[in-house]
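All remarks here apply to the structure that follows.
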Amino acid sequence: MNNYNHKQIEEKWQQYWEKNKSFEASDFSDKEKKYILVEFPYPSGAGLHVGHVRSYTALDVYARYLRLKGYNVLYPMGYDAFGLPTENYAIKHKIHPSQATKENIKTFRSQLQKMGFSFDYSRETNTTDPKYYKWTQWIFIQLYNHGLAYKKKMAINWCPSCKTGLANEEVVNGKCERCKTAVEKKEKEQWMLKITKYADRLINDLDKVNYLDKIKQQQINWIGRSEGAQIDFKIETNTVSVFTTRPDTIFGVSYFVLSPEHPLATKICTKDKEDEVKEYINEAKHKSDLERTELQKDKTGVFTGAYAINPITKEEVPVWIADYVLMSYGSGAIMAVPAHDSRDNEFAKKYNLDIKTVIDEEKDELINSDFLNGLSVKKAQEEIIKFLEDKKLGEKTVNYKLRDWVFSRQHYWGEPIPIIYCDNCGTVPVPEEDLPLELPKVEKYEPTDTGESPLADISEFVNTTCPKCGAKAKRETDTMPNWAGSSWYWLRYIDPKNDKVLADKDKMKYWLPVDLYNGGMEHTTLHLLYSRFWNKFLYDIKVVPTSEPYQKRISHGMILAEDGRKMSKSFGNTINPDDVVNEHGADTLRIYEMFIGPFSETIPWNTNGLIGVRKFLEKVFDYFSVYIKEGKQESIINDKAEVVLNKTIAKLSSDIKDFKFNTAVSALMILFNELKMKDKYHFFSFVDIKKILIIIFPLAPHLSSEMWEKIEAEGRLEEQSWPAFDEKLLKEQKVKIVVQVNGKFRASLELESGISKEDLIKIAKDHDNVSKWLEDKEMKKIIYIQDKLINFVV
RNA sequence: GCCGAUGUGGUGAAACUGGUAAACACGCGCGACUCAAAAUCGCGUGCCUCUGGCUUGUGGGUUCAAGUCCCACCAUCGGCACCA
């Protein structure tokens, strides 16, 4: 018997929920609020991926569970739609990016609805909607007004294939994060955001939030805070600062290094070395980051002929130029201590430079260091910093690996940066009343080879008047990176239609912070860090009520293809959720992806497993069909089954709360194995039958809703309360007690629970397979655990 | 090199504060139904020299008892990396 028509059932309930607005969140409800957030998708032409389905289902199960538990739940969805793939797609197919975006969003929305996700669709946002990006631009202007957005000419990471600048976070192993092309350096004026100003708070405030440890650790590593000292060296008349974490080793300095990009590099070299130095600098310039890291094993450098004076010893040490010293970290210059730094050591050996030992590693004690001799490393650091500060030769400082965020992109499909350049007034932000500054609708939006934004070619856009003095002026033509829109989107869901402010203050007070946020690990040092930064800024200017946006952050594992590789069009191993929904149903796909394994693990797809889940749902369908036909009048109550139901409710409650969906599903399977054993059905009272449907609802909302209607239960399933379980009924009357002799399993006894130790010992000793092992042995000890185990030690 | 994680059947995996390792599911085998196949249902399924013994990456340790705790090592994955 298999009349389980998933198509009919699922369409019916999806329409029902939509018509009844079943999952719209209400602002300021008396119920306690929960804000459940999952990263919104980039609406690419490829459509929804089974990976999306995994995390959206997990949070959907959780959101539905919380609603049944009586919470006012906000579970919204939107689209992060600016970015290169759409632009490239549009160029290739000769349709406008906004048109492509519109179509893609339409596809996504219908795919999401077919999964039965309980999003509040009335709050849908789209980062490319001018009503939305008006506020993205508004935030940029606030950043500018507070000195956190600035323009700087600098060597940036340039992707020659995407034809745009990249942030440091977007460069992976010297390659473009998106297209894997080797990144080049390019001198360009760029808008920068001063995220470094928030470095300490971005680390420290991690204490206030409940993120997975590995996420916290990765962010801390990325920010890369290190404490040390800045020390001033003199090279002839110039003063050059170095940063070091080991100021205690100052007596071991035997040479000095400038980065090839250091402004003094060409100035200080002696005449006879000039050609050699210039050539080296030129070579270094043409090495990409990728080449530099690949060649890192073999260090190169060139002697400048100049000498630097150690401010403590007054000793002269040779100044070298070497590209193992980076201009972008510290001051672009180092004091080299080859005895106690492996990189300096390697370099010194190659070029025959002095190596002076100043620490006795065995004793952790300073040697050959004048007034520091005999001190521990830690003590010596304190002493030397005090000394430097007294003599004004240096000071204690902190350095970060984190760099400011390169915020300009030379592309069409992004938020225009709302800035005007006026000859009289300089840089002027677009006035708030003129926002949004809309992207001009144009025919040509291909990126240029010159490194200019395509907007620079559009004279109607570029030429404008200064909002301050009215003179002729020009607009900024760069656009924002694709990370901009997602850096504040969770705020907009709270009040998506507000045109006065980005979101109403009272509403934000009610909903924030986000209680649970799920997203990919790949966003740990990108989106997650950027959005924390923006939130902190908005908090500082009193726009948002909390200093951290997300209370809890978790992460899902990837779904690989059946062959264990990543799903990819080029391998031809992708699974399209639409096909699965058509063939097996949304409830099947939902439960399958929950059952597949632990939520945070990477797991390959397995079509056989999917079929197993479908069979389970058919079993559920059969059970209720038979119940409706036969079981309804006389309910057969089975004691053991009653215990099983209570256990199942308890197990599901804790498993859903802990995101252990795989065992939650298995608990439901065990329940139905009890309910339908060997073709015999065990039916419960009507009250208990309803409880079963309520606990299935979060995982299989369509099927359970259909059955709820078929058994003629009153009210709407989605408005029921999650059933309580009876603690007393969790324990079975009969328990299995393990009998061990010397820790080895010898027998298993089925006895009344709560049996006394004495009675148990008597029964256990009588057991054939136990007495056999106890014969002629002296009893040393008896270990007894109530209702579980008895161990005779002989 | 540094930081983090993970190692359990043929497969995905389960095991709460140490207490019968392998729940649940897939796969496989046998059987029932059928002329037959599929579907469905039932039974079985860690390994071995099988009244017993062995088994959670390897080797030690703590304990009456270790997948779980401690020490050392190996392997795989993820992140960072000439960051001074």
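Below, each value reflects all heavy atoms present in this structure, side chains not excepted, and no hydrogens, waters or symmetry copies. The chains referred to below are lettered A, B, ... by the order of the sequence lines, with proteins before strands, and numbering in each begins at 1.
Under the side-chain contact (heavy atoms from CB on, under 4.5 Å) criterion, A:Y351 pairs with A:T300, A:W320, A:F347, A:L353, not counting sequence neighbours.
Taking the C1' atoms as reference points, B:A13 lies 9 Å from B:A25, given to the whole Å. Rounded to a whole angstrom, the distance from the P atom of B:C26 to that of B:C41 is 10 Å. Comparing B:A23 with B:C77, their C1' atoms are spaced 27 Å from each other, to the whole Å. With both ends at atom P, the span from B:G9 to B:U56 equals 10 Å, rounded to whole Å. Comparing B:A65 with B:C54, their P atoms sit 14 Å apart, to the nearest whole Å. Comparing the C1' positions of B:G29 and B:G10 gives an interatomic distance of 13 Å, to the nearest angstrom. Taking atom P in both B:G1 and B:G12, one finds a spacing of 30 Å when rounded to whole Å. Distance check on atom P: B:A38 versus B:C30 gives 12 Å, rounded to whole Å.
A:F659 has its ring centre less than 6.0 Å from the ring centre of A:F661.
Here the side chain of A:V325 is nearest to one of B:U40, B:A84, B:A25, namely B:A84. With distances taken from any side-chain atom of A:Y329 to the nucleotides B:A14, B:C26, B:A84, the minimum falls on B:A84. In the set B:A84, B:A25, B:C64, B:A84 carries the atom at the smallest distance from any side-chain atom of A:F243.
At a threshold of 4.0 angstrom between heavy atoms, the contacts of A:I670 are confined to the sugar-phosphate backbone, with no base atom among them. Base contact: A:I334 has a heavy atom under 4.0 Å from a base atom. Within the nucleic acid shown, A:I603 comes within 4.0 Å of sugar-phosphate atoms alone, with no base atom in reach, counting heavy atoms only. Heavy atoms of A:P598 sit under 4.0 angstrom from primed sugar atoms or phosphate atoms, though from no base atom. Backbone-only engagement by A:N608 is indicated by non-hydrogen atom pairs under 4.0 Å involving sugar-phosphate atoms exclusively. Residue A:F347 is out of contact with every strand shown, counting any heavy-atom pair closer than 4.0 Å. Residue A:K216 is classed as having no contact, given no heavy-atom separation below 4.0 Å to the nucleic acid. Counting any heavy atom pair closer than 4.0 Å across all strands shown, A:R746 reaches sugar-phosphate atoms only and no base atom. At the heavy-atom level, A:D344 lies nowhere under 4.0 Å from the strands shown. Here A:S328 lies out of heavy-atom contact (under 4.0 Å) with every strand.
For A:Q740 against B:G19, a side-chain-to-base donor-acceptor contact under 3.5 Å is present. Between the side chain of A:K299 and the base of B:C82, at least one donor-acceptor pair of N or O atoms lies under 3.5 Å.
Distance CG (A:N221) to P (B:G78): 17 Å, rounded to an integer number of Å. The distance from atom CD of A:E601 to atom P of B:C77 is 15 Å, rounded to the nearest whole Å. Atom CG of A:L402 is separated from atom P of B:G79 by 19 Å (rounded to the nearest Å). Between the NZ atom of A:K401 and the C1' atom of B:A84 there is a distance of 11 Å, rounded to whole Å. In this entry the distance linking CD1 of A:I611 with P of B:C24 reads 21 Å, nearest Å. If you measure from atom CH2 of A:W222 to atom P of B:C3, you get 18 Å, rounded to the nearest angstrom. Note: CZ (A:F599) to P (B:A14) measures 15 Å, nearest angstrom. The nearest whole Å value for the distance from the NZ atom in A:K660 to the P atom in B:G12 is 20 Å.
Heavy-atom nearest nucleotides on RNA chain B were determined for A:T663 and for A:T245, and the one closer to the 5' end corresponds to A:T663. Sequence order on RNA chain B of the closest nucleotides to A:Q217 and A:F745 puts A:Q217 first from the 5' end.
Between A:D248 and A:R246, at least one side-chain nitrogen of the basic residue sits less than 4.0 Å from a carboxylate oxygen of the acidic one, meeting the salt-bridge criterion. At a threshold of 4.0 Å, the pair A:E346-A:K350 does not count as salt-bridged, since none of the basic side-chain nitrogens sits closer than that to a carboxylate oxygen. In this structure, A:K396 does not pair ionically with A:E382, as no charged nitrogen and carboxylate oxygen lie closer than 4.0 Å.
For the pair A:K676 and A:Y623, the cation-pi criterion (under 6.0 Å, within 45° of the ring axis) is not fulfilled.
Note on A:N673: a side-chain N or O is less than 4.0 Å away from OP1 or OP2 of B:A25. Contact between the side-chain N/O atoms of A:S226 and the OP1/OP2 oxygens of B:A84 is found at a separation under 4.0 Å. For the pair A:N662 and B:A14, the criterion of a side-chain N or O lying under 4.0 Å from OP1 or OP2 is met.
Applying the 90° criterion around 0 to the glycosidic angle, B:G9 comes out syn.
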Canonical and wobble pairing (Watson-Crick, G-U, under 3.5 Å) of RNA chain B, dot-bracket with |: (((((((..(((......[....)))((((((.......))))))(((...)))..(((((..]....))))))))))))....

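Ring geometry for A:H556 against A:F599 counts as tilted: the plane angle lies between 30° and 60°, on a 0 to 90° scale.
When all heavy atoms are compared, the tightest approach of A:I355 to A:A348 is CG1-CB, 4.1 Å.
The only option from A:Y592, A:F621, A:Y4 that meets the side chain to side chain contact (heavy atoms under 4.5 Å, CB included) definition with A:D587 turns out to be A:Y4.
No side-chain donor from either of A:S254 and A:K356 sits under 3.5 Å from a side-chain acceptor of the other.
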